[in-house]
Amino acid sequence: MEYNFKDIEKRWSQYWKENHIYKVTEDESKPKYYVLDMFPYPSGAGLHVGHPLGYIASDIYSRYKRLKGFNVLHPMGYDSYGLPAEQYAIQTGQHPAVTTEKNINRYREQLDKIGFCYDWSREIRTCDPEYYKWTQWAFIKMFESYYCNDVQKALPIADLVKRFADRGTDGLNAACSEELSFTADEWNAKIEKEQQEILMNYRIAYLGNTMVNWCPQLGTVLANDEVSEGVSVRGGYPVEQKIMRQWCLRVSAYAQRLLDGLDELDWTESLKETQRNWIGRSEGTEMQFKVVDSDVELTIFTTRADTVFGVTFMVLAPESDYVDKVVNSDCKESVLNYIESIKNRTERERLIDRSVTGVFSGSYAINPLNGKHIPIWISDYVLAGYGTGAIMAVPAHDSRDYAFAKHFDLPIIPLIKDCDVSNESFDAKEGIMINSCGNGLDLNGLTVKEAIAATKKFVQEKGLGRVKVNYRLRDAIFSRQRYWGEPFPVYYKDGMPYVLDESMLPLQLPEVDKFLPTESGEPPLGRAKNWNTADGYPLELCTMPGFAGSSAYYIRYMDPHNDKELVSRKADEYWRNVDLYVGGTEHATGHLIYSRFWNKFLYDIDVVCESEPFKKLINQGMIQGRSNFVYRIKDTNTFVSLHLKDKYDVTPIHVDVNIVDNDILDIEKFKQWRPEFATAEFILEDDKYVCGWAVEKMSKSMYNVVNPDDIVEKYGADTLRFYEMFLGPVEQSKPWDTNGIDGVHRFLRKLWNLFFDGDQWAVCDKEPTREELKSLHKLIKKVSWDIENFSYNTSVSAFMICVNELTGFKTKSRQILEPLVILLSPFAPHIAEELWHRLGNNTTVCDASWMDYKEEYLKEDSVTYAVSFNGKVRFSIEIQAGTSREEVEKIVLSHESSAKWMDGKTPKKIIVVPNKIVNIVI
RNA sequence: GCCCGGAUGGUGGAAUGGUAGACACGAAGGACUUAAAAUCCUUUGACCAUUGCGGUUGUGCGGGUUCAAGUCCCGCUCCGGGUACCA
C-alpha cells in the first residue's frame, strides 16, 4: 500500500480542526504544562522554512507532555503592530490593518499545513482592541504606581501623594528621575500642576526629557535594543541622539530584581549572561569633588576608588548639567562651539570616528584626598546617561583617559609598582600601590583589591562620598511617533498628562487620511479628526512601541476572552507561567527584559501570581539560507559546471534553489526561469550541471528562500517536521539544505510499509518476540530521554534504526506497532493518526498514553567487552551477562589473543569497567 | 577590547572519561528490470597490506592529568554570536 501523505494529511488536519481536538480548558484533575512559542510578526513575505523550526520543536514537546498526562496549554497568536506594515502603508496608502489581516491569513494557512496542535480558540492579535485594551490598562497601572526601594516593589502613587502631604520627601526611598527634597508644607502649598510635575518624577510610566535615539528616516524614536551600531535594526537607517520629552517606563527600578531573578531560571548560561551584561551592575563609589572658587560640587562615579591619587583632570559629558555651572566665562565661547560641533554628529559618526576631542572649561576641581587642583574638561567620551555624567580621569590606569591625556598633554601619574605607562595605560586591576598617600589615607603597599576596599571605607567615613551601585540598564523609551501602534490612554489638561478612566478602554486607534507626520511635524495621529476626550481635552499623539503588546501576551492566552480582567485569578493560578518558551536569541535584550519587567510589575500589583514569566527557555538556532550558484563564462551565455569552472574565466550567479536538486541544476527550468537564460548553453560533467553553494542569510535577493508549502507539497508535513528536527540540534544555527530530505521521506514510507503486506493491512495479534520487544523498548527509552532533553535529531535516528530492525524481523504484531504509533505521534502526527485509526481506535492518538520502557526487555544475554592493553583496544570478547569481575578477568586473560598482546609479560594492573571494557596494564 | 559559544569524514551530524565517526545524505559497485523509477544488498576517515586475517594513523594546534581524553586542565590559532568610549 502506498503511503499517500497528501490524502492522509488533508483528512486529518481537517478532522482536528472541525472537532476542536486541541482545545484545552482548565482541568484541576490534571497537572498543567504551558508551552509557548514567541509569536510571529506576520510579514508580507510569509513563512520561510526557518520559522517553523522552533514551532515544530515545541509542538513535539507539547504533544509528548499531553501523552504523559499533562493538561497542555499551547497557544499561538500574532504580534501584529509593527513598522513594516506602516512603511508599506506610507508607500501604497493601503491601511496597515488590511495588510496585516492579509498577512495573518497567509501565515495561518501555512501554519495549518504543518500540523501544529495549537488551541486556536485562544488566538490573540496585539492590534485587536479587545487585546490592546489590556496593554493600555497596564500602562494606566504603571502611570498610577511608583517604585519603593525599601520594600522593592511597585506601590500606588496615591500612597506617595499622601506621604508628601504628611511629611514631604523625608525618609523617602523611591526610584526617581531626579532626587527631590521638600517638606509637607511646601508640597501642600503647590498648585496641582506643580504637584503633577513632581509626581512625574516617580511614576513607573512617566513623561520625561531624555536622550533618545531619533531616527529621522523612520520619523520616530527607538529603544536601545532597536538600535545596533548606530543604525536602526529595522531598515538600517542612521540614528542620532536628541533630547525629547517622551513616555518612559522605569525599568531601571527593577534592575536588581531582574538580575536576581535570573538565578532561578532554567535558561542557557549564555542567555543569562547576555541579560546580566545588559543590566550591567557595577559596584563602585560616588565621590564629591569641590570646584575651586565656587560652591559647586561635582559628583562622580568610579569603580576604581583606589586610583584617586592618580587623578590629573576631570571630564564632564557635553550634555551634563554641570557644564553650565562650571564653565568659566573666558572659555564660554570655545565650550559652546565644541558642544555645537558634537550635536551635529550622529551616533554612527561617533562610532566610526573615535578621534579624541574635548575642550577645557576654564575651571578647576579639588582632589578631596590630596587637595590638588585639577583642570575640568568637557568631552564626548563621557556619557551623560551613565553614572553622573562626570568622571575623575586617571590616565595611568584607564585607556580612554590615557588617550585624552596624551592628546591634550595632561600629566600621567602611575600608581602601581613597576607598571610602564609610557606607551599605554595599565588597566588591569592587579599589582601593588605606589604614589598613593595623603590626607589621612595611605594605600602604598596594598594590592589593588585591598586599596579599593580601603578607599571605599575611608571615603564613607570622612563623608567624602558613598558606596554606590550603578546599572547600565536604562529606562525604556515608550513613545513612538507612528500610527500603527497602541494609542496611549492619555489626555492633556493644562499641558500635563492624565490617564483615562479604565472604563474608557479600549481607546481605539482612529482613522487618518495619511500615515505620515503632519505638516507641523506632529505624529500621524495629529491628522485624526476629533482626537480628544468627550470634554475636549486633546489625546496623546504618540503610540506605543512594538514591545508593548508583546510584553504580557503570554498572560492573556490563559484567559483570552475575559472582558473584565486581563486574566482571571482562577486561570492565572491554574496556568501560572510559561513552563517552556521557545524562540530566537534576538530577543535576549529586548522582549525578554521587557516581559520580565512587565510581569514583575503585574506581580507587584497582585495581578499575576508568579514573579518570573518564563521558567525554561530554549533558543532555536537560525536557519540560514544555502544559496546555489551557476558559473557563466564571461561575455557569453555559456554556463560551466562547478568542477570545470576553474578552466574558464567565470562569473558566479545566484540561481533559484528551487530549480536545483541536490546541487544538480534542472536545466529546462533554468531556461524558463528568466528570459535571458532561454538560450543558455552548458558545459556539463557526467551529463549533469553541478551548482556551487554557499551559506548566506535567507533572503529573496539571494534566491535561497525555501517555502515550507513547497516542501509539504512535495514530501508532506510529516516529512518536513521530521527533517527539520533531523537537520541538527534545535539550538544550533544551520543552513537549510534539502539534500537528505529523501532519506527521511524514505523512512516514513518504510514505517508505513511495516503495517502492510502488499496492499493488505497486515497487523495481527501475534505475541511479539523478545527481540521485537527489545527493539521497541530501546526506542521508548531513547525517545523519552531525547524529548526531555530537546535532542530531537538523535531521536529521528533512533526511529530509523528501530524501523529498520522491525522491517528485518517482519514484525506485524499489534503489541509492537501500536506503541510505535504513539511514540511517532509527536513527530509525525498525521501518519500516526491515520495508523492509529486503522488499528481500530476511536479516539485520537493524542489521547493515548506515553509508555515507560521496561528494563527487563533491554537486558542482554551476553555483553561484549572491549579488551585493551595499556589503553589501546585490541580485540573484543563476548561474555555472559552477570559474570563477576574476577571471572571476567580470568576469561579475558585466558583468551588466546591475550597472550599475543601481553608478549610474555605479566599484567601490572587490570581495570574492568562493567559491561564495557577490560584494560590490562603491562 | 570584554563576555559567551564552537572547531569531529566529501556533507549534515552521533558519542554519561571507556572499541570515535551512530543515523542520514552523497559517492562507488552489485541484484531485480527491455529500460527507467522504486526497492534491496555491499563498500565508503586517511595511509599501508590485501589470497584472508591485519597494521599504522586520526576529533583545529602545542603541552598536561589518567590504566584510558573528542570529552577534564593549562597555553594558543581560527570561526560564529553578543556587547562596548559604561569610568
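Residue numbers start from 1 in every chain, and the chains themselves are labelled A, B, ... in the order their sequence lines are given, proteins ahead of strands.
With hydrogens and angles ignored, no donor-acceptor pair closer than 3.5 Å exists between the side chain of A:K734 and the base of B:U11. The base of B:C67 sits within donor-acceptor range of the side chain of A:N919, with an N or O pair under 3.5 Å.
When distances are taken from the side chain of A:D737 to each of B:A24, B:U11, B:A14, the shortest belongs to B:U11. The side chain of A:K916 sits closest to B:G18 out of B:G82, B:G18, B:G13. Closest to the side chain of A:E273, out of B:G18, B:C67, B:C3, is B:C3. Of the candidates B:A38, B:A84, B:C85, B:A84 carries the atom nearest the A:W278 side chain, counting heavy atoms from C-beta on. Minimum atom distance to the side chain of A:I391 is reached by B:A87, of the listed B:C3, B:A38, B:A87. Distance from the side chain of A:R472 is smallest to B:A84 among B:U16, B:A84, B:C25. Nearest nucleotide to the side chain of A:V913, out of B:G18, B:C3, B:A14: B:G18. Each of B:C23, B:U11, B:C3 was ranked by its minimum atom distance to the side chain of A:F726; first place goes to B:C23. Checking B:A87, B:A38, B:G18 against every side-chain atom of A:L383, the shortest atom distance belongs to B:A87. The side chain of A:T794 sits closest to B:A15 out of B:A15, B:G55, B:C25.
Residue contacts for A:R276: at a heavy-atom cut-off of 4.0 Å it reaches no nucleic acid atom on any strand shown. Among the protein residues, A:W267 comes within range of no part of the nucleic acid, since none of its heavy atoms lies under 4.0 Å from any strand. In this structure, A:N793 reaches the sugar-phosphate backbone alone: every heavy-atom distance under 4.0 Å involves primed, P, OP1 or OP2 atoms, never a base. Using a 4.0 Å heavy-atom criterion, one finds that A:S270 contacts the sugar-phosphate atoms exclusively. Across all strands, A:L727 comes closer than 4.0 Å only to sugar-phosphate atoms, never to a base (heavy-atom distances). Counting non-hydrogen atoms under 4.0 angstrom, A:R474 reaches a base of the nucleic acid. Contacts of A:P735 with the nucleic acid, taken as non-hydrogen atoms under 4.0 Å apart, are absent.
Taking a pair as Watson-Crick or G-U wobble with both distances under 3.5 Å, RNA chain B forms stems of 3 or more consecutive pairs at B:1-7 with B:77-83, B:10-12 with B:23-25, B:26-31 with B:39-44, B:45-48 with B:54-57, B:60-64 with B:72-76.
Contact annotation: A:K782 side-chain N/O to B:A14 OP1/OP2 distance is not under 4.0 Å.
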Exercise. Start with the C-alpha gap between A:K468 and A:E283, add the side-chain angles, then the distance that decides, and say whether salt bridge (charged side-chain N to carboxylate O under 4.0 Å, His left out) holds.
Key: CA-CA 6 Å; A:K468 176 91 200 275; A:E283 283 180 45; over 6 Å; no

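Sequence order on RNA chain B of the closest nucleotides to A:S868 and A:S797 puts A:S868 first from the 5' end. For the pair A:Y471 and A:N870, both in contact range of RNA chain B, the more 5′-proximal nearest nucleotide belongs to A:N870.
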Practice problem: Spell out protein contact along nucleotides 40-47 of chain B as letters: B when the base is contacted, S when just the sugar-phosphate is, - when no protein heavy atom is under 4.0 Å; keep the 5' to 3' order. | Solution: S-------

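Nucleotides B:A15 and B:A7, compared at atom P, are 12 Å apart to the nearest Å. Look at the P atom in both B:C4 and B:C72: the space between them is 16 Å, to the nearest Å.
Remark: the backbone N or O of A:A57 is paired with a side-chain donor or acceptor of A:Y792 at under 3.5 angstrom.
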